[in-house]
Amino acid sequence: MTTIAQEDLIQSVADALQFISCYHPPDYVAALGRAYAREQSPAAKDAIAQILANSRMCAEGRRPICQDTGIVVAFVRIGMDVRFADATMSVAGMIDEGVRRAYLHPDNALRASIVRDPAGRRRNTRDNTPAVVHCDLVPGSTVDVRIAAKGGGSENKAKFAMLNPSDSIVDWVVQTVPAMGAGWCPPGMLGIGIGGSAEKAMVLAKEALMQPIDMPLLKARGPSNRLEELRIEIHDKVNALGIGAQGLGGLSTVLDVKILDYPTHAASLPVAIIPNCAATRHAHFTLDGRGAVSLTPPDLASWPDVRWFPAPESRRVNVDTLTRDDVAQWKPGERLLLSGKILTGRDAAHKRIVDMLACNETLPVDFSNRVIYYVGPVDAVRDEAVGPAGPTTSTRMDKFTETMLAETGLIAMIGKAERGPLAIDAIRRHRAAYLIAVGGAAYLVSKAIRRSRVVAFSDLGMEAIHEFEVADMPVTVAVDSAGESVHETGPREWRQRIAGIPVIGA
């Protein structure tokens, strides 16, 4: 019988979540370094450079890799010879207390993103609890914990299908990935669950993402079973789609594909996909009764020597004097460096603004000739103007775009990933533009923010409207005033180019 203190599990969870907020797993850093080295698309290579530079900065500064510090998911295997000493909480309660401590840590604040009453008032819990906990009782005398902080942008792209047993899993995945868009911040991983029942397949897909990246090793030794054959085939065919980093077109869309399976009904073939993003964050630890665990930070020498600098041809833009004629000069794919004052606002703020306009209420902020940034930043610590402040997925704002452009005077938006047809049509008709910042480079982006203040809707927490004063904030023109989108032209171009490349490296 092994006795494990309740406090040891709580503190181990808290420490692990703080750890993964700052440190990418070494296997992900190495895989991204390989992707950078072989990337031929200038736009994708620039995006990967920003992600790698951000990763190193976060490791050095011990600040979150991404502003979306995730929903916590834990897989806990409890040995049947374990007892918890002085336990006053359930195992899920212990995990939640660890989450609470981690996310409220005064020296490294993590963004609280979890809302209660999801179908109703959606009130933020303010401490990122509760976690999603999967517990298994297993033979043994230890507690094994695999824990992840899963960003909403990638979580929202989860897909499920109940295929016929004779259907091709590969074909379904290859058809499904393009429909996921780029809001999951590729390049990353695909977790795939096959079999069981509907809910089992989804859990398998999530659990698969806890595994280390080993695609190069797998290709070097060759597959030894059907699942490994599927991993390689899906990896190569998804990369041949040309989606590329941030959906800009390029050679690397996925760094690895992980698959777990489970026996299923003879009439069924449930299949689930869950992607992991550029903020891949997970840790594995085991408690054996000898106290809380201690995770060792990776050696900074393990990061590839990749430095990011603004492209020399970048256009400098003063957003304080911006006009619609200025916006009309921007070209798709052009890199801009923004300086001046921009506003922020995402889902909750947009809904409130649109509701106020519908009621003929005066808005608390003047959006005329302004730029809005879709972001929910991490709170500042020490001398920061703001914490990590990367973009959120822009398609969630698509349904508000026509009203925002038609009724507020807004002329440009910043987010991540593609815009849908309705938003692009509104952008074209109102001669506006859509810009992207790199998802997965939140700390790097925050260094361009010199001042921050809340100007409206403070009750929304991280979704309040802020005014940022920025200096040389790096963005790329994704949709110009004529409605041309790089998320359509880029992948199409690189899909054609890849078709002419005999071998795509792992």
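Model, not experiment: these values are computed from the prediction.
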*Asks:* So, Thr176 side chain and Trp172 main chain: donor-acceptor pair closer than 3.5 Å or not?
*Replies:* yes
*Asks:* More than 12 non-hydrogen atoms from neighbouring residues, nucleotides or ligands closer than 6.0 Å to CZ on Arg221, yes or no?
*Replies:* yes
*Asks:* Consider only side-chain N and O atoms of Asn54 and Trp308, and report whether a donor and an acceptor are under 3.5 Å apart.
*Replies:* no
*Asks:* Evaluate the criterion salt bridge (charged side-chain N to carboxylate O under 4.0 Å, His left out) for residue pair Lys219 and Glu229; output intermediate values, then yes/no.
*Replies:* CA-CA 10 Å; Lys219 286 190 168 186; Glu229 293 172 353; over 6 Å; no
*Asks:* Answer whether the closest heavy-atom distance between the side chains of Val174 and Val177 falls below 4.5 Å.
*Replies:* no
*Asks:* For the pair Glu418 and Arg396, find out whether any cationic side-chain nitrogen is under 4.0 Å from an anionic carboxylate oxygen.
*Replies:* no
*Asks:* Counting distance only, does the side-chain N/O of Asp256 pair as donor-acceptor with the main-chain N or O of Met215 below 3.5 Å?
*Replies:* yes
*Asks:* Mind checking whether Pro178 and Leu241 have side chains closer than 4.5 Å, heavy atoms only?
*Replies:* yes
*Asks:* Identify the heavy atoms of Gln6 and Ala87 that sit nearest to each other, and give their distance.
*Replies:* OE1-CA, 3.2 Å
*Asks:* Do Tyr103 and Thr69 have side chains that approach each other closer than 4.5 Å (heavy atoms only, starting at C-beta)?
*Replies:* yes
*Asks:* If we ignore hydrogens and angles and just use 3.5 Å, is the side chain of Asp398 paired with the main-chain N or O of Ala423 as donor and acceptor?
*Replies:* no
*Asks:* Could you check whether any side-chain N or O of Lys416 sits under 3.5 Å from a backbone N or O of Gly183, counting only pairs where one atom can act as donor and the other as acceptor?
*Replies:* yes
*Asks:* Identify the heavy atoms of Cys277 and Ser154 that sit nearest to each other, and give their distance.
*Replies:* CB-CB, 3.9 Å
*Asks:* Could you tell me whether a side-chain N or O of Asn128 sits under 3.5 Å from a main-chain N or O of Gly70, the two making a donor and an acceptor?
*Replies:* yes
*Asks:* Against the six-membered ring of Tyr36, is Lys45 placed for a cation-pi contact (under 6.0 Å from the centre, within 45° of the normal)?
*Replies:* yes
*Asks:* For the residue pair Ser21 / Asn108, report whether a side-chain donor-acceptor contact shorter than 3.5 Å exists.
*Replies:* yes
*Asks:* Side chains of Gln18 and Arg62: donor-acceptor distance under 3.5 Å anywhere?
*Replies:* no
*Asks:* Do Asp299 side-chain atoms and Ala301 backbone N/O form a donor-acceptor pair below 3.5 Å?
*Replies:* yes
*Asks:* Is any side-chain heavy atom of Tyr443 closer than 4.5 Å to a side-chain heavy atom of Ile65?
*Replies:* no
*Asks:* Measure from NZ or CZ of Arg419 to the centre of the six-membered ring of Tyr434 and say whether it is under 6.0 Å with the direction within 45° of the ring axis.
*Replies:* yes
*Asks:* Which heavy-atom pair separates Pro275 from Met180 by the least distance, and what is that distance?
*Replies:* CG-CE, 3.6 Å
*Asks:* Within the side chain of Asp81, is there an N or O that forms a donor-acceptor pair under 3.5 Å with the backbone of Pro139?
*Replies:* no
*Asks:* Given side chains that start at C-beta, do those of Thr2 and Thr142 come closer than 4.5 Å, heavy atoms only?
*Replies:* no
*Asks:* Hey, could you give me each pair passing ring pair (Phe, Tyr, Trp, His ring centres under 6.0 Å) that has a residue in residues 69-101? Not counting sequence neighbours.
*Replies:* Phe75-His134
*Asks:* What closest approach, in Å, do Arg38 and Leu251 show between heavy atoms, and which atom pair accounts for it?
*Replies:* O-CD1, 3.3 Å
*Asks:* Using 0.5 Å steps for rounding, measure from the CG atom of Asn124 to the OG atom of Ser113.
*Replies:* 7.0 Å
*Asks:* How many angstroms lie between atom CG of Asp288 and atom OG1 of Thr3, to the nearest 0.5 angstrom?
*Replies:* 12.0 Å
*Asks:* For the pair His284 (side chain) and Gln211 (backbone), establish whether a donor and an acceptor sit closer than 3.5 Å, ignoring hydrogens and angles.
*Replies:* no
*Asks:* Hey, what do you get for CG (Leu204) to CD1 (Ile194), rounding to the nearest 0.5 Å?
*Replies:* 9.0 Å
*Asks:* Using a strict threshold of under 4.0 Å (side-chain N to carboxylate O), is an ion pair present between Arg231 and Asp236?
*Replies:* no
*Asks:* Treating Glu39 as the side-chain partner and Ala44 as the backbone partner, does any N or O pair qualify as donor plus acceptor under 3.5 Å?
*Replies:* no
*Asks:* Would you say the side chain of Pro186 lies within less than 4.5 Å of the side chain of Thr253, judging by non-hydrogen atoms?
*Replies:* yes
*Asks:* Check the side chains of Ser197 and Glu199 for a donor-acceptor pair under 3.5 angstrom, ignoring hydrogens and angles.
*Replies:* yes
*Asks:* Could you check Val29 against Ser55 for side-chain contact (heavy atoms from CB on, under 4.5 Å), going step by step and ending with a plain yes or no?
*Replies:* CA-CA 8 Å; Val29 173; Ser55 177; 4.1 Å; yes
*Asks:* Could you walk me through whether Glu97 and Met94 satisfy the side-chain contact (heavy atoms from CB on, under 4.5 Å) test, starting with their C-alpha distance in whole Å, then the side-chain angles of each, then the deciding distance to 0.1 Å, before giving a yes or no?
*Replies:* CA-CA 5 Å; Glu97 179 57 29; Met94 296 179 207; 5.8 Å; no
*Asks:* side-chain contact (heavy atoms from CB on, under 4.5 Å), that's the test. Do Lys258 and Ile192 meet it? Break it down for me.
*Replies:* CA-CA 6 Å; Lys258 297 296 184 182; Ile192 298 177; over 6 Å; no
*Asks:* side-chain contact (heavy atoms from CB on, under 4.5 Å), that's the test. Do Tyr374 and Ile414 meet it? Break it down for me.
*Replies:* CA-CA 6 Å; Tyr374 303 149; Ile414 307 168; over 6 Å; no
*Asks:* Cut-off 3.5 Å, side chains only: do Asp15 and Gln11 have a donor facing an acceptor?
*Replies:* yes
*Asks:* What is the minimum heavy-atom distance between Ala14 and Arg101, and which atoms define it?
*Replies:* CB-CB, 3.9 Å
*Asks:* Can you tell me if Thr129 and Asp127 form a side-chain donor-acceptor pair at under 3.5 Å?
*Replies:* yes
*Asks:* If you count every heavy atom of other residues, nucleotides or ligands that lies below 6.0 Å from Leu422 atom CG, does the total exceed 12?
*Replies:* no
*Asks:* What residue pairs, at least two apart or across chains, pass salt bridge (Lys or Arg N to Asp or Glu O under 4.0 Å) with a residue in residues 102-120?
*Replies:* Asp68-Arg111
*Asks:* To the nearest 0.5 Å, what is the distance between CG on Leu287 and OG on Ser12?
*Replies:* 4.5 Å
*Asks:* Between the side chains of Asn276 and His282, does any donor sit under 3.5 Å from an acceptor?
*Replies:* no
*Asks:* Looking at every non-hydrogen atom in both residues, tell me the closest pair between Asn225 and Leu227 and how far apart they are.
*Replies:* OD1-N, 3.1 Å
*Asks:* Compare all side-chain heavy atoms of Thr125 with those of Val115 and state whether any distance is below 4.5 angstrom.
*Replies:* no
*Asks:* Can you tell me how far the CG atom of Leu248 sits from the CD atom of Glu493, to the nearest 0.5 Å?
*Replies:* 11.5 Å
*Asks:* Closer than 4.0 angstrom, basic N to acidic O: yes or no for Arg146 and Glu207?
*Replies:* yes
*Asks:* With a 4.5 Å limit on heavy-atom distance, are the side chains of Pro212 and Asp214 in contact?
*Replies:* no
*Asks:* Looking at CD of Glu155 and CD1 of Ile274, how far apart are the two atoms once the value is rounded to the nearest 0.5 Å?
*Replies:* 5.5 Å
*Asks:* Using atom types as modelled and distance alone, determine if a side-chain donor or acceptor of Arg352 lies under 3.5 Å from a backbone N or O of Ala348.
*Replies:* no
